[in-house]
Structures are given as structure tokens and as C-alpha cells.
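Worksheet for the structure shown next.
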Amino acid sequence: MGVQGSGKGTQAGLLAADLDLVHIAVGDILRWNVQNHTKLGAQVRRTMAAGLLVGDDLVDGVVSDRLGQHDWNYGFIIDGFPRNERQAEFFLESYDIDGVIHLDLPDSEVHRRVMARRLCSGCGMDYNLIANSPKTAGQCDACGGELVTREDDTEQALAVRLSEYHEKTNPVLDIFRRKEYVVTIDARPDREAIQQEIRRRLHLPPDQPVPHA
Ligand code: AMP
């Protein structure tokens, strides 16, 4: 869990790749549906572009369909869910949770990071023009796809998303804190340092970063 731009997708991806977990990003699934013009995509597009949370029944459906595939023998890591108390109740009733990673980032830093974010229109990989820029400007390192700005990474939508986060998602952290699930990690250092800190706090073996070519 964490505010926009705190690195949820990046950190979840690193953990999933190394620990054989399935990485489920609800926002990615919804964006895929929007890009591919599915019925679900049509239902959520406007809400997402405005920065508002999509309806709970719809999101619970997306999560249970995805987890219903049961391809997660070693477990899963989910990012961007739950985002309000109602979703948290559904999640706690339906699945076993080992831990909650809270990436803590001040709002002042959010703006700078989100405005620098780019997304590959081909494979969905995330870039950040501050800390993680592509080798060739505007082009994805992995698939060569065009890098675009997310439709909801605008000043206006970001303000809405931040207020949704503080109003609706923060109380979820309190629910999980009461169950002693939460480790709070400072999300300001670089991504390798954050990954190592997550692992240290969760008593996982340290990450062995792949050397850059
Ligand atoms: P994200 O990629 O996690 O920033 O999510 C992008 C957008 O997808 C959010 O601003 C919401 O419109 C929608 N979304 C993602 N996850 C959820 C969720 N758990 N509940 C409601 N809406 C969500």
C-alpha cells in the first residue's frame, strides 16, 4: 500500500520476480481493459481518468476472478488493493494475508514523481524520468513500445487521487495495523535500498540485484 508514485508496482514486481509470487496490480488490469476496449474498460474509463475510485463490486470481481485462476502456488502480492474499508473487509474475509507493506511518501514528493512517470503503451512497463529513464527517449527498453503519460497523471486527477487516498485508503492501514500486519517503509530512497529494507523488515533473504549490462 502507498500513495500514488510511492513505488508499489516497482517494489511488488521485484518481490514477485524473486520469490515466485504472482503480482496482481488492480490498476494494471483495469488499464488493460481500457486500452483493449472491453466492456469492463468502458465501465471504468471515465472514473479512472478523473482519479476517482472504481466501484467496489466491480473491483472485488476483478480481484476474485484473478485470484480464482489459482496460478499462485507460492502466493501472491497484490498492489492497489484494498483501497477502502469495504474492500478490506472483503479481502480479510476471503484470503489469508501474511503482511502489508506500507510505502510511506510525503505528498510533496508525490507530485514530482507522478509528473515524471511514463508508461509503455506496448507492455505496460513503468518508467520515471527522474530515477529510471529509458535508454532511448520515449521508447521502452523492453519492447520498443512508445512511452506515454497515464491518462490520470494530470494535476487535476492527481489532486483527486490524493484526496481519495487520504480519505478512504488511510483508514484501511489502521485496520491492518490493529492486526499487526503492517511494516511501514520510507519510500524516499532509491528502489534497491527500499527493496532491501522491505526484505529486512519481513525477514526475507536479501535481494541480489542483477548487474546492469
Ligand atoms: P493505480 O494504477 O493503482 O494508481 O490505479 C489507477 C486507478 O484505477 C485508480 O485511480 C482507480 O480509478 C482505479 N483503481 C485501482 N485500484 C482500485 C481499487 N482497489 N479500488 C477502486 N479503484 C481502483
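Each ligand, and each atom within it, is numbered from 1 in the order the structure gives. It should be emphasised that the depicted structure is a prediction, and the values quoted were computed from it without experimental measurement.
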Identify whether Ile101 and Leu21 are in the same connected component of the hydrophobic contact network (ILVMFWY, side-chain heavy atoms under 4.5 Å). yes
Less than 3.5 Å between some nitrogen or oxygen of [X] and one of ligand 1, yes or no?
{"X": "Pro82", "result": "no"}
{"X": "Asp79", "result": "no"}
{"X": "Thr47", "result": "no"}

Identify, by atom number and element, the atoms of ligand 1 in contact range of [X], meaning under 4.0 Å from any of its heavy atoms.
{"X": "Arg31", "value": "2 (O), 6 (C)"}
{"X": "Gly27", "value": "2 (O), 5 (O), 15 (C)"}
{"X": "Gln87", "value": "18 (C), 19 (N), 20 (N), 21 (C)"}

Min side-chain heavy-atom separation [X]-[Y] under 4.5 Å:
{"X": "Leu19", "Y": "Ile77", "result": "no"}
{"X": "Val26", "Y": "Arg66", "result": "no"}
{"X": "Ile97", "Y": "Phe176", "result": "yes"}
{"X": "Arg113", "Y": "Leu105", "result": "yes"}

For ligand 1, the portion of [X] having any non-hydrogen atom under 4.0 Å away:
{"X": "Leu53", "answer": "both"}
{"X": "Glu164", "answer": "neither"}
{"X": "Val54", "answer": "both"}

Hey, what's the ring geometry for Phe76 with Trp72, parallel, tilted or perpendicular (30° and 60° as the breaks)? perpendicular
Result of checking Arg31, Arg118, Arg161 against Asp153 for salt bridge (Lys or Arg N to Asp or Glu O under 4.0 Å): Arg161
Heavy atom of the protein closest to atom 18 (C) of ligand 1 (residue, atom name, distance): Arg83 CD, 3.4 Å
Would you mind checking which non-hydrogen protein atom is closest to atom 7 (C) of ligand 1, with the distance to 0.1 Å? Met48 CE, 3.7 Å
For [atom], state which one of [options] supplies the nearest heavy atom.
{"atom": "atom 6 (C) of ligand 1", "options": "Arg161, Lys8, Arg150", "result": "Arg150"}
{"atom": "atom 14 (N) of ligand 1", "options": "Leu30, Ile29, Val26", "result": "Leu30"}
{"atom": "atom 11 (C) of ligand 1", "options": "Asn84, Val3, Leu52", "result": "Leu52"}

Which atom of Pro189 lies closest to which atom of Ala193, heavy atoms considered: CB-CB, 3.9 Å
List the steps and the verdict of side-chain hydrogen bond (donor to acceptor under 3.5 Å, both in side chains) for Gln195 and Arg191. CA-CA 6 Å; Gln195 178 70 191; Arg191 66 179 178 175; over 6 Å; no
